[in-house]
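First up is the structure itself, then whatever we jot down about it.
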Number of protein chains: 2
Amino acid sequence: MQYPQASRIMLAIDCCIFGFDGDDLKILLIKRNFEPEAGKWSLMGGFLKENEDLEIAAGRILHELTGLNNVYMEQLKAHGKTDRDPVERTVSICFFALINIHEHDSELARKKNGQWFNIADKPNLIFDHDAMVESALHQIRYKAALHPIGFELLPEKFTIPQLQKLYEAIYDSKLDRRNFSRKILSTKLLISTGEKNENAATNKAMLYKLDSEKYKSQFNAFHYFINL
Amino acid sequence: MQYPQASRIMLAIDCCIFGFDGDDLKILLIKRNFEPEAGKWSLMGGFLKENEDLEIAAGRILHELTGLNNVYMEQLKAHGKTDRDPVERTVSICFFALINIHEHDSELARKKNGQWFNIADKPNLIFDHDAMVESALHQIRYKAALHPIGFELLPEKFTIPQLQKLYEAIYDSKLDRRNFSRKILSTKLLISTGEKNENAATNKAMLYKLDSEKYKSQFNAFHYFINL
DNA sequence: TCAAAAGTGTTCAAGCTACACCCATGA
DNA sequence: TCATGGGTGTAGCTTGAACACTTTTGA
């Protein structure tokens, strides 16, 4: 049984994959070695399969480039301008993923022509992918101010100064060290590991990890990490 | 030229249409007189046409039931579980619309089997439409706390007590009259019309209208109408 | 003249901002 | 021993929550 009237349409999934290297917020792009627009940069994407849920497809596409599973992903808008894809009318559902950049399979990414760019140095992308990245950044900035999604970009153990650098990268602005620390600790989301960061140049900072119980239960509560 | 490999998929648009009658937040549903699930309640929806942008399609579908144009609409998530539609694999992109309930064409709505329900009295809907309404309500509650979308549900001229009733309906809770008034006026988004609400039972309240300049320019700023 | 709704004022506590000061580390 | 980075404390201001009082209107 099928719907008779309307026409079927190509459905694509495109992924904005973000990482943080300790200094800059970065995005993983691929140089296309296939038409159309071969040789240009684009988001990692793919087509939805006949028997595949949207979230499964997004996870598959992320896995193809990074080797990662169980990553924080969030669905953004569908982009559906009739002329957005020159080959054929295609509606694309955009996702963003926040990964721990040190955990991904960089060998695999290289094979797939993947390359990391600082957000500030991002090249122009094909189709409407620039607008997708814009809306992903907007959503991350919006959500990270109110909910603890930033932690998804950090390793399991991290210091508060590292977390602050992340927030400063996301919002491209400076934050007061002392107030930031107090605000973060007041959420009670962090547990001190007792260890210190041995990599640090001068004074070694305390390593914390997430209180995963509280993290899960309070994820949708409001924390106001940043005042917008 | 076409993409060879992947399969084309049915793309539907479903609209959560909200209104406010002065006391309750309401949603406009239709009783289906067609298969599948004829006789049951559902959101107003339709299929995306070959040469139609997503937002145009959503506007068309809203217009078919309400006669309205230029309404505040926002795209929500796409729903894509493989078994969500028993007829055929269909991905549905959900929108919500906020309308001034007194402006819509109620005759047209009746012809199309439309009926308004208080949110609290909403019947169970077909397919995954209940989940769509849930996510629309979630988004409205989220966004109305921070941005002035609530005004879209009110007539051009309204009183602050009316606005308060709207917020109380959206959040299903009581707010302090005095603090609410101060908070709203402090945004400077309202202009006094000098007129008073002649319908009021006892003391007549001042009618305000939106400062449309400020409304547009500050729409994406943060106002914290409600503390979540 | 009384009840219900609308408008304005005040107080107290909590939170945020903007600072100063001290400690630990490695060159 | 000195520069750099990390941790804690505090004063002053702003904001929000919880209140009381007054005014207007129709019954």
Side-chain angles (χ1 to χ4, degrees), chain A residues 21-23 144-148 154-155 157-169 171 173-209 218 221-228, chain B residues 21-23 144-148 154-155 157-169 171 173-209 218 221-228:
Chain A
D21 66 357
D23 288 309
L146 304 169
H147 304 283
L154 293 174
K157 296 177 185 178
F158 54 88
T159 68
I160 291 184
Q162 279 170 0
L163 183 62
Q164 181 178 345
K165 278 200 170 178
L166 169 59
Y167 274 90
E168 290 179 339
Y171 296 100
S173 59
K174 283 281 161 199
L175 300 172
D176 185 275
R177 190 166 53 82
R178 300 154 282 203
N179 295 333
F180 182 81
S181 168
R182 206 150 4 94
K183 203 166 200 172
I184 294 295
L185 289 173
S186 76
T187 65
K188 304 286 180 77
L189 286 171
L190 301 190
I191 299 175
S192 167
T193 64
E195 305 164 57
K196 299 222 166 183
N197 179 16
E198 291 300 325
N199 301 325
T202 63
N203 194 353
K204 299 175 196 308
M206 180 67 71
L207 283 163
Y208 290 87
K209 60 178 180 180
Q218 295 189 8
F222 286 77
H223 283 294
Y224 300 104
F225 293 105
I226 304 287
N227 280 355
L228 295 172
Chain B
D21 66 357
D23 288 309
L146 304 169
H147 304 284
L154 292 174
K157 296 176 183 177
F158 53 88
T159 68
I160 291 185
Q162 278 170 1
L163 183 62
Q164 181 177 345
K165 278 200 171 178
L166 169 59
Y167 273 90
E168 290 178 339
Y171 296 100
S173 58
K174 282 282 161 199
L175 300 172
D176 184 276
R177 192 166 51 83
R178 300 154 284 199
N179 294 333
F180 183 82
S181 169
R182 206 153 2 93
K183 203 167 202 172
I184 294 295
L185 289 173
S186 76
T187 65
K188 303 286 180 75
L189 287 171
L190 301 192
I191 300 175
S192 168
T193 64
E195 305 165 57
K196 298 223 166 180
N197 179 17
E198 291 300 326
N199 300 325
T202 62
N203 194 352
K204 298 175 196 306
M206 180 67 71
L207 284 163
Y208 290 86
K209 60 178 181 180
Q218 294 189 8
F222 286 77
H223 283 295
Y224 299 105
F225 293 105
I226 303 287
N227 279 354
L228 294 172

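Throughout, protein chains are lettered first and strands after them, A, B, ... in sequence-line order, and every chain is numbered starting at 1. Predicted model, so just to flag it, every value in this text is computed and none were measured.
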What pairs with [X] under side chain to side chain donor-acceptor pair (under 3.5 Å), at least two apart in sequence or on another chain?
X	result
B/K157	B/E195
A/N203	none
B/Q162	none
B/N197	none

Residue pairs fulfilling salt bridge (Lys or Arg N to Asp or Glu O under 4.0 Å) with at least one residue in residues 184-193 of chain B, sequence neighbours excluded
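Output for this query is empty, none listed.
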Set of side chain to side chain contact (heavy atoms under 4.5 Å, CB included) partners for A/E168, sequence neighbours left out
A/Q164, A/K174, A/L175
Students should find this one: the first and last nucleotides of DNA chain D, 5' to 3', lying under 4.0 Å from a heavy atom of chain B. What are they?
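Taking any atom under 4.0 Å from a heavy atom of chain B, the span is D/dG16 to D/dG26.
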In B/S/- notation (B base, S sugar-phosphate only, - none; protein heavy atoms under 4.0 Å), nucleotides 17-27 of chain C written 5' to 3' is BBBB--BBBS-
Taking it one step at a time, do B/L146 and A/L228 satisfy side-chain contact (heavy atoms from CB on, under 4.5 Å)?
CA-CA 10 Å; B/L146 304 169; A/L228 295 172; over 6 Å; no
For A/F158, enumerate each residue passing the ring pair (Phe, Tyr, Trp, His ring centres under 6.0 Å) test, keeping only those at least two apart in sequence or located in another chain.
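A/F151.
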Quick one: bend of the helix from C/dT1-D/dA27 to C/dA27-D/dT1 from 5 pairs per end, to 10°?
0°
Below 3.5 Å, can you tabulate the donor-acceptor pairs from side chains in residues 178-185 of chain A to any protein atom, sequence neighbours excluded?
from   : atom 1 : to     : atom 2 : distance (Å)
A/R178 : NH2    : A/D176 : OD2    : 3.3
A/N179 : OD1    : A/R182 : NH2    : 2.9

Which residue pairs pass the ring-ring contact (aromatic ring centres under 6.0 Å, His included) test with at least one member in residues 182-201 of chain B, sequence neighbours excluded?
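Found none.
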Could you give the [atom1]-to-[atom2] distance, from [X] to [N], as a whole number of Å?
X	N	atom1	atom2	answer
B/L175	C/dA5	CG	C1'	17 Å
B/Q164	C/dA5	CD	P	12 Å
A/F180	C/dC16	CZ	P	13 Å

